[in-house]
Q: 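Pasting a structure here, questions to come.
As the structure is a prediction and not an experimental result, all values here were calculated from the model. Both counts, for ligands and for their atoms, begin at 1 and track the order of listing.
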Amino acid sequence: MKNRGEIILKPKKDESLYRFHPWIFSGAIASTSEGLQEGEVVKVLAADRTFLGIGHYQEGSISIRILSFEDEPIDRNFYIKRLSDAYHLRQKAGLIRPDNTIYRLVHGEGDNLPGLIIDIYDKTAVIQAHSVGMHKDRLLIVEALQEVVSSQTVVHIFYKSEATLSYTGDPEFQNEYLVGGENVNPIAVENGLKFHIDWLRGQKTGFFIDQRENRRLLENYARDRRVLNMFCYTGGFSAYALRGGAQQVDSVDSSAKAVMLTNENIKLNFADDTRHASYSEDAFKFLKKIEKDAYDLIILDPPAFAKHRGAIKNALQGYRKLNLAAFEKIAPGGIIFTFSCSQAISREQFRLAVFSAAALSRRSVRILHQLDQPADHPVNMYHPEGEYLKGLVLYVV
Ligand code: SAH
């Protein structure tokens with residue numbers, strides 16, 4: 001094993017590591033060994049030189065992401081161990097089935113691999129690095145992935161990190177297939193519904209897998225309802241609503257590309273079902289112009305309004321305004337599925353924003369379900385920051 005760089009922490013800054021928190025902020029560092037490069041694997045020591053952990057070093061506010069609290073090499077075997085643990089978890093959670101070929105295999109800290117995301121779409125894996133260290137280790141990760149899942153299971157591996165990495169020290173770097181890439185089938189299934197996934201051009205890795213269980217719950221509420229799916233992106237909620245027997249489903253997204261993807265996915269599953277219509281429009285404008293009582297099931301799944309802590313106040317106002325518009329328009333006896341995927345906003349803050357909107361509308365509102373992220377987006381007990389998706393299902397009279 002080659003000599004590793006070392007980092008020594010300031011006195012008392014080791015406490016969070018004894019509680020297995022995987023991040024070390026720059027302010028906690030007393031000294032670093034000379035010539036340390038971004039993305040390097042470093043050994044972290046307490047002020048008294050006690051071994052604490054091993055992680056990827058990076059410049060910036062989060063300086064180290066801990067990969068292991070044991071003194072072990074970060075090599076192919078390490079990644080094989082972590083990836084097979086992640087794979088077994090998804091198997092045990094019942095997420096890998098012929099009628100469900102879409103799942104998140106690796107969810108960063110939630111799978112003890114900070115900085116790494118791997119999503120599976122049928123026979124294609126999409127790898128996304130959020131740290132320079134994971135970028136530099138990408139070929140090791142590819143080898144480990146091929147070892148853990150059989151070559152029949154994952155045939156293509158697409159690396160997509162241009163949008164998530166600002167600096168890699170690697171000017172040649174681009175989004176590309178690291179394995180396969182020919183005759184790729186872009187269609188995968190979620191709970192029996194087909195979706196065309198555009199990992200080349202789509203947002204994130206191409207699909208919002210984290211809403212799978214919430215979409216399934218929505219299906220149970222859709223029968224005979226007039227459904228409005230705001231912020232539809234690839235039309236996930238719309239497809240479940242149609243399968244659940246909705247009377248009418250309208251999908252809205254400000255992006256014309258998203259509306260195209262939605263139309264394509266509806267067609268894949270329901271041919272030219274006349275119950276579905278889609279609109280490329282701003283959500284707030286759309287809600288303003290619709291008639292009162294026009295819908296009895298509304299889904300609000302906006303993008304993260306708060307991308308960082310500084311934006312919390314405005315984001316809460318945004319959630320209040322959006323939810324108020326839905327409360328004002330939904331028919332009596334209607335259901336609202338409302339979400340926030342802003343990590344910076346807590347469950348309580350989100351609920352309070354929805355509470356304010358409900359009170360302003362003077363409607364009677366009951367909470368039927370409190371929703372969160374599914375098992376393939378696990379929250380590491382020692383890293384509560386990993387909890388980001390929250391939702392409420394509301395009954396409005
Ligand atoms: N519900 C989707 C995911 C939503 S992602 C799913 O289940 O997959 C958020 C979407 O909101 C994006 O597609 C984005 O284009 C859209 N969007 C962002 N701002 C918007 C606005 N002001 N009005 C309507 N759509 C908007």
Q: Going by an N to O cut-off under 4.0 Å, is there a salt bridge joining Arg351 and Glu348?
A: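 Between Glu348 and Arg351 there is no salt bridge, as every charged N stays at least 4.0 Å from the carboxylate O atoms.
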Q: How far is atom 15 (O) of ligand 1 from its nearest protein heavy atom, and which residue and atom is that?
A: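 For atom 15 (O) of ligand 1, the nearest protein heavy atom is Asp253 OD1, 2.7 Å.
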Q: Describe, in one word, how the ring planes of Trp23 and His21 are oriented to each other, choosing from parallel (under 30°), tilted (30 to 60°) and perpendicular (over 60°).
A: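 Aromatic pair Trp23/His21 classed perpendicular.
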Q: Give a yes or no on whether Phe270 atom CZ has more than 12 heavy-atom contacts from other residues, nucleotides or ligands under 6.0 Å away.
A: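 Enclosed.
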Q: Report yes if some N/O of Pro303 lies less than 3.5 Å from some N/O of ligand 1; otherwise report no.
A: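 Between Pro303 and ligand 1 (N or O atoms, distance only) the closest approach is not under 3.5 Å.
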Q: Taking the six-membered ring of Tyr295 as reference, does the NZ or CZ atom of Lys329 fall below 6.0 Å from its centre and within a 45° cone about the axis?
A: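 Relative to the ring axis of Tyr295, which defines the angle, Lys329 lies outside at least one limit.
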Q: Would you mind running through ligand 1 and noting each atom that sits below 4.0 Å from a heavy atom of Gln203?
A: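 In order of number, 12 (C), 13 (O), 14 (C), 15 (O).
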Q: Can you list the ligand 1 atoms lying under 4.0 Å from a non-hydrogen atom of Asp282?
A: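 Those atoms are 21 (C), 22 (N), 23 (N).
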Q: Compare Asp301, Val259, Asn229, Leu322 and give the one whose heavy atom is closest to atom 1 (N) of ligand 1.
A: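 Selected option, by shortest heavy-atom distance: Asp301.
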Q: Give the atom numbers and elements of ligand 1 that come within less than 4.0 Å of a heavy atom of Ser255.
A: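 Per the distance check, 15 (O).
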Q: Check if Lys285 has a non-hydrogen atom at a distance under 4.0 Å from any atom of ligand 1.
A: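 It does not, in that no heavy atom of Lys285 comes within the 4.0 Å cut-off of ligand 1.
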Q: Would you please indicate yes or no on a ring centroid separation below 6.0 angstrom for Tyr159 and His135?
A: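 Here the rings of Tyr159 and His135 have centres that are less than 6.0 Å from each other.
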Q: Salt bridge or not between Asp119 and Lys204? Use side-chain N to carboxylate O under 4.0 Å.
A: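 No salt bridge links Asp119 with Lys204.
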Q: Of Phe208, Phe231, Phe337, Phe339, which has the heavy atom at the shortest distance from atom 2 (C) of ligand 1?
A: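 Residue with the shortest heavy-atom distance to the ligand atom: Phe231.
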Q: Atom 26 (C) of ligand 1: which protein heavy atom is closest, and how many Å away?
A: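 Minimum-distance protein heavy atom for atom 26 (C) of ligand 1 reads Ser254 OG, 3.1 Å.
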Q: Whether the Ser238 and Ser251 side chains hold a donor-acceptor pair (N or O, under 3.5 Å, no angle test) is what I'd like checked.
A: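 A pair is found: one side chain offers a donor N or O, the other an acceptor, under 3.5 Å apart.
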Q: For atom 8 (O) of ligand 1, grab the closest protein heavy atom and report residue, atom and distance to one decimal in Å.
A: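 For atom 8 (O) of ligand 1, the nearest protein heavy atom comes out as Arg215 NH2, 3.3 Å.
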Q: Does ligand 1 have any atom that is closer than 4.0 Å to a heavy atom of Glu281?
A: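 Contact present.
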Q: Answer side chain, backbone, both or neither: which part of Phe237 comes under 4.0 Å from ligand 1, heavy atoms only.
A: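 Within the 4.0 Å criterion, Phe237 contacts ligand 1 through side-chain atoms alone.
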Q: Any N or O on Gln211 sitting closer than 3.5 Å to an N or O of ligand 1?
A: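 No: no nitrogen or oxygen of Gln211 is under 3.5 Å from one in ligand 1.
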Q: With respect to Ala283, determine whether any N or O atom, backbone or side chain, lies less than 3.5 Å from an N or O atom of ligand 1.
A: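 Right, the criterion is met.
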Q: Just wondering, more than 12 heavy atoms not from Gln174 lying within 6.0 Å of its CD?
A: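 More than 12 heavy atoms, drawn from other residues, nucleotides or ligands, come within 6.0 Å of this atom.
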Q: Give the ring-plane orientation class for Phe207 versus Phe195, where under 30° counts as parallel, over 60° as perpendicular and anything between as tilted.
A: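 The rings of Phe207 and Phe195 sit tilted, inter-plane angle from 30° to 60°.
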